[in-house]
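Just below is one structure, and these are the notes that go with it.
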Amino acid sequence: MDPQKTPVILGLEGTAHTAGISVVKGSEILINKSTTYLPTQGGIHPREAADYLSKHYPLLLQEVINELSINLKEIDAIAFSRGPGLGPCLRITATIARALALYLQKPLIGVNHCIAHVELGRMITPARDPVVLYVSGGNTQLIAFLNQKYRILGETLDVAIGNALDALGRSLGLSHPGGPNIEREASEGKKLLLLPYTVKGMSFSFSGAVTAAQRLINVESVQDICFSFQEYTFSALAEATERALSCTKKPSVLLTGGVAANMRLRQMIQNVADEQGVEFHVVPKHLAGDNGAMIAMAGTLMYKVGEFVEIIKSSVRPRWRTDQVKVSWL
Ligand code: ATP
Ligand code: FE2
């Protein structure tokens with residue numbers, strides 16, 4: 001391993017609904033392919049999502065092999081999303097990663113999915129030592145680096161913000177995922193309806209707001225419900241972010257995860273950053289949700305410090321928390 005050379009890393013993302021394969025060289029994305037399972041009704045069923053992944057990985061891999069500008073032999077390591085996530089999905093992804101590592105005779109890197117959302121943001125934006133607001137379908141956390149770990153300063157006490165948006169979206173008859181549809185409806189809302197607002201220290205909760213918003217269905221307009229839901233829940237996230245910045249004195253804030261695609265949330269966190277006099281950075285919309293590039297980029301940092309996992313020890317970690325990872329690359 002030449003420490004001066006930028007490694008070429010293949011990343012596999014498959015913790016829940018998305019199968020993603022990407023090859024990166026540092027912050028340069030050579031290829032990034034993904035496909036997402038959409039439930040016909042209700043939320044994500046783990047077995048159905050895993051079946052979807054096992055059916056689509058071979059097709060995606062074929063596309064990657066056909067379109068990749070470099071030879072497969074130039075890949076230095078295989079990184080995969082080891083957890084947290086749905087067990088059946090993680091196991092399919094890990095099996096493909098192990099097979100690729102064996103076939104190409106390259107090391108295997110087991111990446112924490114939440115940390116990958118953070119590392120993608122650090123690689124492709126100028127954010128240095130940020131307070132991270134990580135908002136997605138399965139997680140909502142305020143994170144900051146201290147003493148070799150990404151510490152969780154605050155997090156949701158019940159459901160994740162993306163999950164809350166998707167649940168409300170379903171009740172309103174909007175298609176899955178609800179987040180983007182709620183954003184569209186909210187842009188036409190005007191009336192601020194009263195909803196529960198819960199911030200405890202640097203943590204927050206959203207299920208009360210979901211229930212209260214559901215009770216307003218057929219009483220108030222869809223647009224006003226969506227508008228009010230965004231205002232209340234995003235304000236709670238903004239307040240907790242402000243507190244985290246003021247406590248840690250970190251120089252920037254980074255917004256990442258699927259819900260980071262939301263323009264109203266971006267605007268609110270930008271305002272907090274401006275008032276605190278810190279930089280604001282956000283991942284681009286097309287890389288906000290789950291993708292293979294984020295796994296490959298976190299894998300790149302881990303490769304540089306030789307953070308590999310033996311195949312025999314590479315079992316998946318469905319409940320692997322952000323603050324359980326020893327961050328040896330920082
Ligand atoms: P994680 O495992 O990190 O929790 P995830 O499996 O939920 O990730 P992501 O792709 O990171 O996957 O996030 C998906 C979530 O992002 C969904 O809940 C979706 O509704 C939400 N989302 C996507 N676009 C928007 C948007 N424009 N506004 C609000 N929410 C959005
Ligand atoms: Fe994610």
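Start at 1 and go down the list; that is how both ligands and their atoms are numbered. These figures come from a predicted structure and were not determined experimentally.
Note on E67 versus K33: salt bridge recorded, some NZ/NE/NH1/NH2 to OD/OE distance being below 4.0 Å. Salt bridge status for D323 with R151: absent, with no side-chain N to carboxylate O gap under 4.0 Å.
R122 meets the side chain to side chain donor-acceptor pair (under 3.5 Å) test with E119, Y150; sequence neighbours excluded.
Pairs engaging residues 53-109 under the ring pair (Phe, Tyr, Trp, His ring centres under 6.0 Å) rule: Y52-H56 [sequence neighbours left out].
Side-chain contact of Q141 with T322: a donor-acceptor pair under 3.5 Å is present, judged by distance alone.
For Y303 and F308, the ring centers are positioned less than 6.0 Å apart.
Within 4.0 Å of ligand 1, protein heavy atoms come from H17, H113, H117, Y134, S136, G137, G138, N139, G162, L165, D166, P177, G179, P180, E183, G258, V259, A261, N262, G289, D290.
Within the protein, the number of N/O/S atoms found under 2.8 Å from the Fe ion (ligand 2) is 3.
Side chains of L255 and H281 form no contact here, defined as non-hydrogen atoms less than 4.5 Å apart. Inter-residue side-chain proximity for Q223 and F227 is flagged as unmet; no heavy-atom pair is nearer than 4.5 Å.
Heavy-atom contacts from other residues, nucleotides or ligands closer than 6.0 Å to CG of N71 number more than 12.
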